[in-house]
Protein chains: 2
Amino acid sequence: MGRTVGREGKNPTISDVAELAGVSVPTVSRVLTGAAKVSAAKREQVEAAIAELNFRPSAAARVLVSRKSRTIAVIAGNTSRYGYAETIRGIEIAARAEGYTVMITVVESADEDEVNRAVEAVEMQTLAGVVVLKFDPPGVAALNRLGTDRPLVALSGTREAGVPQAVLDEAAAAEELTAYLLGLGHRTVHHVRVPPSRRVDGRTTGWKRALRKADAPVPPVLDATWEPLSGVPIGRALAADPEVTAVFCGNDEIAMGVMRGIAEAGRRVPEDISVVGFDDHPLAELWSPPLTTVEQDFAGLGQRGFALLLESMNDENARRYSSERPRIAFRASAAPPR
Amino acid sequence: MGRTVGREGKNPTISDVAELAGVSVPTVSRVLTGAAKVSAAKREQVEAAIAELNFRPSAAARVLVSRKSRTIAVIAGNTSRYGYAETIRGIEIAARAEGYTVMITVVESADEDEVNRAVEAVEMQTLAGVVVLKFDPPGVAALNRLGTDRPLVALSGTREAGVPQAVLDEAAAAEELTAYLLGLGHRTVHHVRVPPSRRVDGRTTGWKRALRKADAPVPPVLDATWEPLSGVPIGRALAADPEVTAVFCGNDEIAMGVMRGIAEAGRRVPEDISVVGFDDHPLAELWSPPLTTVEQDFAGLGQRGFALLLESMNDENARRYSSERPRIAFRASAAPPR
DNA sequence: GTGAAAGCGCTAACAA
DNA sequence: TTGTTAGCGCTTTCAC
């Protein structure tokens, strides 16, 4: 009595279930996948056996024989920085809702060996598809090396041909934000850039476009790193120049660093200098003064990206592009010049 | 001439490689895994064939037959919030360094169906191991439901028996931080808590311990959500009470919200009220005033967690516990009472 | 050092 | 509706 069916100590397999239920292996498979009809009686026997053995089908075996997988890979240069983390969260939420699992592959640099390692790790897997965060040079490099034999979607800020893509129209938002500052009466707007993914960076492009359209002078671009503190010396330098009355920063963290530098130099935001950022970081609203910035729906970007992937898995003529225009969050860090 | 070896349009398999190289399939396998010796001549032929066909072994087939996998699963209640994102980053870095891939499974709530879904998704996979972020109730619930048949490690702030575990000793750090405030001359320290994972929360425990040891009164605990803005009304309420001179917040984001509330109420930090946080958020140093907080090495926690997992995969008598004491970052948001 | 044979756990194709 | 047969792409015996 009570002897366990199946090999002791091992996970039960589908044939253990079949044996216990008194049916054939394919019938168990039919119950599992729901692909074909099974009589109610047998179905119940099978389900009882599954429950009794606490059976879980082996994903590896399924993938091997069916050549189909419920796993997608996300390739990203980073997983924890705000925009990256939120985008991955959006992908995961959309994927989970459709019963897919997410595998993360980080590409630290655009270094050839590193990119190859990441691409090979992905190509070994049998995957339903791949999403690449084309936010930075490693992401761009990985995308270029990736084979196109499986569904593939890129996520980024600038449109490019080739791979299906979901984007946030950063250039349009940056242009709108810069135009807003000019409209406030500023003669021009200075720009602090975060490390760009390529020669063209949507935020910088939009900024420049707004200045050109307004016939405003285009000051030299200042470069920050991803590190918020890198904005501090830039802010001090900017504060020392009386010509500077408005600054557009490539992201909110840098804007916060720049504001700190301006404060250290004894000048005030927004009374002396207006500062705006990009991304609508969770702390932007809490900052003093609350930061005027661009609401980037990264989680939405991730969700749109997965939707695009899903479409291209099921439909030959799937959409190849999804764009969304971010909105500006008007807060207190920008004001007319005195 | 030029006819491709292998089935057209399909990925090449190991037998295509064997055929092209003029060796048997197992020999190719030996070259791939490096498990057994192969003569230099054959090895070269095989490597040439692999390169020519751009062959990648199928991970699914390998896993099926060898019952070994180079993938680990991470179960987490969240992926994008600071502590979570950094911990996952640490796990991924350590895993990647050892050639492992990370699969993410999010458990949104401690709801039974949701926990079961996540656990089943994990148990279907053939995995080298599982890391659970026991930071919140969903994490705790998932850990409890998870079978113990494969290597498993929990990451959290409070020690418990059972599963091997890496922790940050939050209770000790909280006690030290609270004692520091008392040492500054504050009569007592108020506490704003973030949603706890269980009845016992290390941060709250350490705070209470320090107060008891100093015979200081223990004020009622105030509850915030994970949302930084939830700290604002709490800060206003605290500022209205003249008894309040020092506040210990469950994390930095809440501390920032509380400080904003205090400012809105017209009182100053640290002159009127000292505020300290927990985690050393990237923006804590940039805040005005710079926030005194606890440096939590989440990435290090993740790395230690993976190390524990690796040990328990290879060694029966592996360590079952790794603890680290976070350090306090003394900055300007805490000062003696006036 | 190398190859032949077996089979991992499942689904697909077919026949009944 | 159900069972039989075949085989996914690899690694693992086991001879030689």
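Quick note: numbers below take in every heavy atom, side chains included, and nothing from hydrogens, waters or symmetry partners. Numbered from 1 within each chain, the chains take letters A, B, ... in sequence-line order.
Rounded to an integer number of Å, the gap from CG of A:D16 to P of C:dC10 is 9 Å. One interatomic measurement links the two molecules: NZ of A:K68 to P of C:dG9, which rounds to 23 Å at whole-angstrom precision. Going from atom CZ of A:R30 over to atom C1' of C:dG9 covers 16 Å, rounded to whole Å. Taking atom CD of residue A:E19 and atom P of nucleotide C:dG9, one finds them 14 Å apart after rounding to whole Å. Taking atom CZ of B:R67 as the reference point, atom P of D:dT11 lies 15 Å away to the nearest angstrom. The distance from atom CG of A:L64 to atom C1' of C:dG9 is 9 Å, rounded to the nearest whole Å. As a whole-Å value, the separation of A:I14 CD1 from D:dG3 P is 12 Å. The separation between A:Q45 atom CD and D:dG3 atom P is 10 Å, rounded to whole Å.
With rounding to the nearest 0.5 angstrom, the CD atom of A:Q165 is 10.5 Å from the CG atom of A:L152.
Residue A:T33 places its side chain closer to C:dT11 than to any other of D:dT2, D:dC10, C:dT11.
If you check the side chains of A:S80 and B:E86, you find a donor sitting under 3.5 Å from an acceptor.
Residue B:S24 has a polar side-chain atom (N or O) positioned under 4.0 Å from OP1 or OP2 of C:dG3. OP1 and OP2 of D:dC10 both lie 4.0 Å or more from every side-chain N or O belonging to B:R62. Applying the 4.0 Å criterion to OP1 and OP2 of C:dC10, one finds that A:S29 has every side-chain N and O outside that range. Using a 4.0 Å cut-off, some side-chain N or O of A:T27 falls inside it from OP1 or OP2 of D:dG3. One finds a side-chain N or O of A:S39 lying less than 4.0 angstrom from the OP1 or OP2 phosphate oxygen of D:dT2. Regarding contacts with the backbone of D:dT2, every side-chain N or O of A:K37 stays at 4.0 angstrom or more from both OP1 and OP2.
Mapping B:P26 and B:A60 onto DNA chain D via the closest heavy atom, the residue that lands nearer the 5' end is B:A60.
Heavy atoms of A:V25 sit under 4.0 angstrom from at least one base atom.
Panel note: side chain B:R304, backbone B:S322; a donor-acceptor pair is recorded below 3.5 Å.
B:Y84 and B:F135 have perpendicular rings, their planes meeting at more than 60° on a 0 to 90° scale where under 30° would count as parallel.
Side chains of B:P164 and B:Y321 form no contact here, defined as non-hydrogen atoms less than 4.5 Å apart.
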